[in-house]
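Following: one structure in structure tokens, then a few remarks.
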Amino acid sequence: MRTVICNSLQSFWDMGDHQFLEGHNVHCVFPINEQVKNFILECQSRYKIRAITFTSHQSP
């Protein structure tokens, strides 16, 4: 299964709106807070994403 890497929230929205994420796994590598993470997870069914994972970013 192919994994699409999203480098920003904007790229996630753009690819999702153009059906590029449909049926794929998605990995987000940009820093997010819990609110944004929950929003992205709520988009999973709308964009027909198979699974979403996140890179954990630690505060300096």
Side-chain angles (χ1 to χ4, degrees):
M1 182 55 49
R2 184 179 295 184
T3 299
V4 178
I5 305 297
C6 292
N7 292 312
S8 68
L9 184 56
Q10 185 66 48
S11 69
F12 175 80
W13 282 328
D14 289 345
M15 288 190 282
D17 287 343
H18 291 93
Q19 291 88 35
F20 293 136
L21 305 178
E22 192 169 310
H24 297 297
N25 295 324
V26 172
H27 184 73
C28 299
V29 297
F30 52 93
I32 58 168
N33 59 31
E34 280 300 312
Q35 184 178 7
V36 173
K37 182 178 181 178
N38 290 333
F39 173 77
I40 290 171
L41 291 172
E42 289 172 6
C43 292
Q44 185 171 353
S45 63
R46 178 172 29 140
Y47 291 148
K48 300 178 184 169
I49 297 169
R50 187 169 185 169
I52 302 175
T53 55
F54 303 90
T55 298
S56 60
H57 294 275
Q58 296 180 352
S59 300

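All values below were derived from every heavy atom in this structure, side-chain atoms included, with hydrogens, water molecules and symmetry-related copies excluded. Note that this is a predicted model, so its numbers are computed, not measured.
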side-chain contact (heavy atoms from CB on, under 4.5 Å) against E34, all qualifying residues, sequence neighbours excluded: K37, N38
Could you give the distance from CD1 (I32) to SG (C6), rounded to the nearest 0.5 Å? 11.0 Å
Could you please spell out the steps behind the side-chain contact (heavy atoms from CB on, under 4.5 Å) verdict for F12 and V36? CA-CA 12 Å; F12 175 80; V36 173; over 6 Å; no
F54: which residues meet the ring-ring contact (aromatic ring centres under 6.0 Å, His included) condition with it, sequence neighbours left out? none
Donor-acceptor pairs under 3.5 angstrom involving side-chain atoms of residues 14-31: please list them, not counting sequence neighbours.
residue : atom : partner : partner atom : Å
D14     : OD1  : Q10     : NE2          : 2.9
D17     : OD1  : Y47     : OH           : 2.9
H18     : ND1  : D14     : O            : 2.8
H27     : ND1  : T53     : OG1          : 2.6
H27     : NE2  : T55     : OG1          : 2.6

Could you work out, with side-chain contact (heavy atoms from CB on, under 4.5 Å) as the rule, every residue matching R46, not counting sequence neighbours? F39, C43
